[in-house]
Amino acid sequence: MISKRLGPLSPYKTETTPSRIKLSSNELAIDFPEEVRRRIAEEVSKIPFNRYPDPEARALREAIAQRFSIKEENILLGNGSDELIYYLSIGIGEFDRGIFYPTPTFSMYGISAQVLGRDRVEVPLREDFDIDITESLKVLREKRPSLAYFAYPNNPTGNCFSEDKIRRIREEGIFIVVDEAYYHYSGKTFLDEALRRDDTVVLRTLSKIGMAGLRVGFMVGKEEIVRELSKIRLPFNITFPSQVIATLMLTEFYHILEAEIKKVVEERQRVYEELLKLEGIKPYPSEANFILFKSLAMPAELLHKRMVEEGVLVRNFSYMIPQCLRVSIGKPEENDAFLEAIHKVLKNS
Ligand SMILES: *Cc1c(COP(=O)(O)O)cnc(C)c1O
């Protein structure tokens, strides 16, 4: 019999409406240059496809360690950080103790808790999308969860929570996971604490910096934590092609991605300022590669639909935050197309 735990769940859905311009999944909008594609093809053609890949993915871990100035023994690799969220929800604390996270946030924290039958301890964010510390402390003392997730910056709101509030919550004796999927766009990190402390780890991913298709995420934490969680890691969770391509991108071609990331940060400011000028739209400040905005003049549902008709796909988050949509920052010309489309849709409403 299928577990009762699965009843309330539904398979992960993403925005798949075909569209000329796709600004719905926070991907990096880079087309790898031809020379990069040729090098990738060359390296991939050397893979012995009949063989299992290196279970430890040593070359990739070394490349990550070098690139981000950490040590290999502090890195646990996942098939996307999504997989690591499962590992953490399985491996940290007992199942009779809950998982804490502020909402709205990334859906995988709640899904992993539900799949495992762990209590979901949710506390709504304040109006300004920061943590409500009074309410959080109250709920922590009542429900005694043993694991907490903080998306930092938060998805879909785009802001970083106050660091001191995250630390204050940790003082209650809970293990914290700081999910830094958008680190490259915020520059803010808990890495030092993750390397020093027994109650803190950091999650990172290659997905938001141009390699979403490879499914590579990593956790950074003390060697003992990495060693213990490695016991539940599925063998060969990083495919051979992903190991080869990610290693290549992080070594030979990282400068290309870096330049693109820098452009996104500049474009984020421009798009934010342009949205501010629009009557009927309220954009929220962002430290990530996307901007959340509220539709004040027309239903978010309708705005989303009209934008699709204009060939621009954004993500409708009104089911989570009333009247809100999220746009990923793309190439300058894609952002222009987005701004033109929203201008037109609002004018004709
Ligand atoms: C996109 C995202 C992830 C998922 O990253 P993958 O490495 O692609 O699984 C994790 N956390 C947050 C907050 C995200 O927005």
Side-chain angles (χ1 to χ4, degrees), residues 11-15 22-30 57 60-61 64 68 75-89 99-113 115 122 125 129 131 147-161 166 176-186 188-190 194 201-220 233-234 237-239 242-243 245-246 249-250 257 261 264 268 284 286-292 314-315 317 320-321 324-330:
Y12 187 84
K13 266 225 201 77
T14 182
E15 187 59 86
K22 184 171 181 282
L23 297 173
S24 57
S25 293
N26 302 342
E27 297 143 332
L28 186 63
I30 186 187
L60 175 55
R61 271 200 306 149
I64 290 174
F68 302 115
I75 299 171
L76 180 70
L77 288 177
N79 193 286
S81 41
D82 287 342
E83 187 181 45
L84 295 166
I85 293 169
Y86 267 104
Y87 292 168
L88 286 157
S89 295
I99 297 178
F100 172 95
Y101 47 91
T103 57
T105 192
F106 189 54
S107 59
M108 287 309 295
Y109 313 143
I111 293 172
S112 69
V115 166
E122 301 180 346
L125 291 169
F129 298 140
I131 294 169
L147 171 62
Y149 285 102
F150 300 97
Y152 185 82
N154 189 34
N155 178 11
T157 60
N159 60 306
C160 282
F161 306 135
I166 296 177
I176 69 162
V177 179
V178 185
D179 181 349
E180 299 179 357
Y182 301 96
Y183 162 73
H184 290 89
Y185 304 95
S186 74
K188 294 185 184 169
T189 183
F190 276 70
V201 295
V202 157
L203 286 181
R204 295 274 183 91
T205 178
L206 303 188
S207 295
K208 312 292 157 62
I209 55 168
M211 294 173 267
L214 299 183
R215 310 305 302 130
V216 175
F218 58 100
M219 187 201 84
V220 184
R233 185 176 62 82
L234 295 175
N237 62 333
I238 314 295
T239 68
S242 290
Q243 292 189 27
I245 300 167
M249 293 310 296
L250 288 171
L257 304 177
I261 292 166
V264 167
R268 176 179 72 198
Y284 294 93
S286 169
E287 299 191 74
N289 66 346
F290 57 82
I291 294 175
L292 185 79
V314 298
R315 188 88 170 256
F317 269 100
M320 218 186 239
I321 315 173
C324 282
L325 300 103
R326 188 192 70 191
V327 61
S328 310
I329 305 298

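Counting convention: from 1, in listed order, for ligands and their atoms alike.
Less than 4.0 angstrom separates some heavy atom of Y182 from each of these atoms of ligand 1: 1 (C), 14 (C), 15 (O). The distance from ligand 1 to the heavy atoms of D82 drops below 4.0 Å at these ligand atoms: 4 (C), 9 (O). Short contacts between ligand 1 and R215, defined as distances under 4.0 Å to a heavy atom of the residue, involve ligand atoms 6 (P), 8 (O), 9 (O). Residue G80 has at least one heavy-atom neighbour below 4.0 Å for each of these atoms of ligand 1: 6 (P), 7 (O), 9 (O). Listed by number with element, the atoms of ligand 1 under 4.0 Å from a non-hydrogen atom of S207 are 6 (P), 7 (O), 8 (O).
Taking both residues in full, the closest heavy atoms of N289 and E27 are given as ND2-O, 4.2 Å, listed atom of the first, atom of the second, then distance.
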Go through it in stages, so that I can follow the logic: the residues are F150 and T105, the test is side chain to side chain contact (heavy atoms under 4.5 Å, CB included), and I'd like the CA-CA distance, side-chain angles, deciding distance and then a yes or no. CA-CA 8 Å; F150 300 97; T105 192; over 6 Å; no
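A donor-acceptor pair is defined here as one N or O able to donate and one able to accept, closer than 3.5 Å; no such pair exists between the side chain of R315 and the backbone of P156.
The single protein non-hydrogen atom nearest to atom 13 (C) of ligand 1 is D179 OD2, 3.4 Å, given as residue, atom name and distance. Of all protein heavy atoms, the one closest to atom 7 (O) of ligand 1 is T205 OG1, 2.5 Å.
The aromatic rings of F68 and F218 lie parallel to each other, with less than 30° between the two planes, well short of the 60° mark. Relative ring orientation between Y149 and Y109 is described as parallel, the plane-to-plane angle staying below 30° on a 0-90° scale split at 30° and 60°.
Heavy atoms from both the backbone and the side chain of S81 come within less than 4.0 Å of ligand 1. Counting heavy atoms closer than 4.0 Å to ligand 1, residue E83 contributes nothing at all. Under 4.0 Å from ligand 1, not a single heavy atom of M108 appears. In N155, the part holding a heavy atom less than 4.0 Å from any atom of ligand 1 is the side chain.
Evaluated by nearest non-hydrogen atom to atom 2 (C) of ligand 1, the leading choice among E27, E180, K208 is K208.
Note on E83 versus R215: no salt bridge recorded, every NZ/NE/NH1/NH2 to OD/OE distance being 4.0 Å or above.
Defined by atom type and a distance below 3.5 Å, a donor-acceptor pair is missing between the side-chain atoms of E287 and Y185. A donor-acceptor pair shorter than 3.5 Å can be found between the side chains of Y182 and N26.
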